[in-house]
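Scroll down for the structure; my scribbles are underneath it.
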Amino acid sequence: MRETPSPGNLPHILLEWYDVHAREMPWRTGPAERRAGIRPDPYRIWLSEIMLQQTTVATVRDYFARFVARWPTVAELAAAPDADVMGEWAGLGYYARARNLLKCARAVVAQHDGVFPADHAALLALPGIGPYTAAAVSSIAFDLPQTVLDGNVERVMARLYDIHTPLPGAKPVLMEKAAALTPRDRPGDYAQAVMDLGATICTPKSPACGICPWRDPCKARREGTAPLLPMKTPKKPKPVRHGTLYLAQRTDGAWLLETRPDKGLLGGMLGWPGSDWLDIATERPAGTPPVTACWHDLAGEVRHTFTHFHLILSVRTARVGPEVQPERGDFVPRQNFRPSDLPTVMRKAFDLSQSAHVAGL
DNA sequence: CAACCGTGGTT
DNA sequence: TAACCAAGGTT
């Protein structure tokens with residue numbers, strides 16, 4: 001008769017559940033394969049974990065397939081031109097991940113002879129690898145007993161122990177609970193099992209407590225508080241910003257684009273030149289056109305929401321002759337321009353211009 | 001340490 | 001429709 005569950009055989013119970021219910025993923029070595037002696041490729045585990053940061057498995061699948069097809073090893077990725085990697089990452093978001101992905105690949109080649117380190121501290125020292133990813137690679141790829149603490153594990157621990165302290169303040173306590181459960185046996189499978197549990201059973205809303213392998217020891221289920229946990233500190237409202245983009249096409253079909261600075265929003269990505277994006281709605285920021293031309297306002301607007309603000313953009317288009325010298329950006333020949341290389345907000349602007357063009361405007 | 005940093009799916 | 005959410009990291 002105890003109020004809160006003790007570690008006991010909880011990990012074992014979860015591993016038995018995982019043996020039956022493990023989700024299929026292209027980068028994953030399932031429990032049966034592991035038992036057969038098959039080990040995961042650390043490069044693939046690392047790549048998938050970077051992509052999975054704040055991103056769903058369903059979204060990552062196609063990007064992962066394209067990356068490993070194009071760059072099968074860390075050495076090949078390290079040798080890739082920056083623009084190729086940023087273009088392949090376009091649409092996935094959080095573009096600092098792509099810049100750090102390249103930095104990390106090159107560091108693994110330069111500092112570790114092209115072989116990923118297994119040690120948590122060594123992984124943590126690499127660009128783009130934080131506490132979670134270091135633990136994930138160390139445990140999943142190398143089967144070392146490291147504790148992963150992601151959003152899933154936070155939720156599962158908050159419920160299992162009925163912890164009402166709001167995030168992110170509760171992180172140290174949740175880490176303590178998660179670490180106490182991490183087993184020496186099969187730590188790699190266990191790490192994936194807790195996250196699978198959070199993703200499929202112990203979900204944020206309407207958790208399927210009735211079929212949960214930890215339903216008996218779960219304190220929040222006993223208390224009826226599971227759907228309310230974990231508590232979170234309220235988020236700030238998002239302001240609305242406004243701006244203007246300039247889409248210029250040369251008569252030979254080339255498009256005027258610029259590579260954005262490495263720092264800040266959409267850093268390192270291709271985009272249309274434009275104004276600053278400001279919090280004023282009365283007079284839309286127009287900035288300065290990147291090239292002298294007869295600019296036309298497109299009907300409609302681009303709406304997009306980033307992590308911390310909403311954005312409404314006006315779009316202006318122009319056709320320019322072959323002799324013009326732009327003040328900003330460079331002309332990208334038609335055959336080198338792929339809309340899929342653009343981050344989503346820039347692709348929306350392109351789509352708007354094309355639909356207007358087709359409509360004969 | 002709080003702010004910054006994308007996007008698409010779900011409710 | 002708006003808020004919430006996802007295998008977080010960096011500054």
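In what follows, chains carry the letters A, B, and so on, assigned in the order in which the sequence lines appear, proteins first and then strands, with residues in each chain numbered from 1. The basis for the numbers below is simple: all heavy atoms, side chains too, and nothing from hydrogens, waters or symmetry mates. Everything numeric here is computed off the predicted structure, so don't read it as measured data.
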- Whole-Å gap separating C1' (B:dC1) and NZ (A:K236): 12 Å

- Query: How long is the line joining OH of A:Y95 and C1' of B:dG6, in whole Å?
  - Reply: 6 Å

- Message: Considering every strand and a 4.0 Å limit on heavy-atom distances, what is the contact class for A:L266: base, sugar-phosphate, or nothing?
- Response: sugar-phosphate

- Message: Work out how far the P atom of B:dA2 is from that of C:dA7, and round it to whole angstrom.
- Response: 23 Å

- Task: Using whole Å, report how far CZ of A:R97 lies from P of B:dG6.
- Result: 9 Å

- Pair A:R222 + A:D216: basic N to acidic O under 4.0 Å: no

- Item | Aromatic ring pairing A:F337/A:W255, orientation class (parallel under 30°, perpendicular over 60°, tilted between) | tilted

- Task: Taking only the side-chain nitrogens and oxygens of A:H304, find out if one of them lies under 4.0 Å from OP1 or OP2 of B:dG6.
- Result: no

- Query: Under 4.0 Å: is that the gap between some side-chain N or O of A:H308 and OP1 or OP2 of B:dA3?
  - Reply: no

- Task: List in numerical order all residues of residues 49-69 of chain A for which some heavy atom is under 4.0 Å away from an atom belonging to DNA chain B.
- Result: A:Q54, A:T55

- Item | Salt-bridge present (A:R34, A:D189; N to O < 4.0 Å) | yes

- Query: Hey, does the Lys NZ or Arg CZ of A:R260 hover above the aromatic six-ring of A:W277, less than 6.0 Å from the centre and inside 45° of the axis?
  - Reply: yes

- Could you check whether A:R28 gets within reach of a base, just the sugar-phosphate, or nothing at all, counting any heavy atom under 4.0 Å? base

- So does A:T344 get a side-chain nitrogen or oxygen closer than 4.0 Å to the phosphate oxygens (OP1/OP2) of B:dT7? yes

- In whole angstrom, give the distance that lies between atom CG of A:L92 and atom P of B:dT7. 9 Å

- Query: In whole Å, what separates the P atom of C:dT11 from that of B:dG6?
  - Reply: 14 Å

- Message: Quick check with a 6.0 Å cut-off and a 45 degree axis cone: is A:K177 positioned over the face of A:Y161's six-membered ring?
- Response: yes

- With a non-hydrogen cut-off below 4.0 angstrom, is A:P343 in contact with a base, only sugar-phosphate, or nothing? sugar-phosphate

- Message: Could you tell me the boundaries of the chain A footprint on DNA chain C, defined by atoms under 4.0 Å from its heavy atoms?
- Response: C:dC5 to C:dT10

- Position toward the 5' end of DNA chain C (nearest nucleotide), A:T133 or A:K238: A:K238

- Go ahead and name the base partner of C:dG9; Watson-Crick or wobble counts if both distances stay under 3.5 Å, otherwise write none. B:dC4

- Message: Is it the case that the side chains of A:R28 and A:Q192 hold a donor-acceptor pair, with the cut-off being a distance below 3.5 Å and no angle test?
- Response: yes

- Message: Taking the six-membered ring of A:F64 as reference, does the cationic atom of A:R61 (NZ for Lys, CZ for Arg) lie under 6.0 Å from its centre and within 45° of its axis?
- Response: no

- In whole angstrom, what separates A:R260's CZ from B:dC5's P? 10 Å

- Query: Quick one: do A:D84 and A:R70 make a salt bridge, cutoff under 4.0 Å?
  - Reply: yes

- Note on the structure: From CZ of A:F309 across to P of B:dC5 the rounded distance in Å is 7 Å

- Query: Cluster partners of A:F331, using ILVMFWY side-chain heavy atoms under 4.5 angstrom, listed by chain and number?
  - Reply: A:Y246, A:L256, A:V291, A:W295, A:V320, A:V324

- Lys/Arg-Asp/Glu bridge criterion (N-O < 4.0 Å) met for A:D351, A:K348: no

- Task: May I ask you to say what A:M25 touches in the nucleic acid, namely base, sugar-phosphate or nothing, with a heavy-atom cut-off under 4.0 Å?
- Result: base

- Task: Report which part of the nucleic acid A:G91 touches: base, sugar-phosphate, or nothing (heavy-atom distance under 4.0 Å, all strands).
- Result: sugar-phosphate

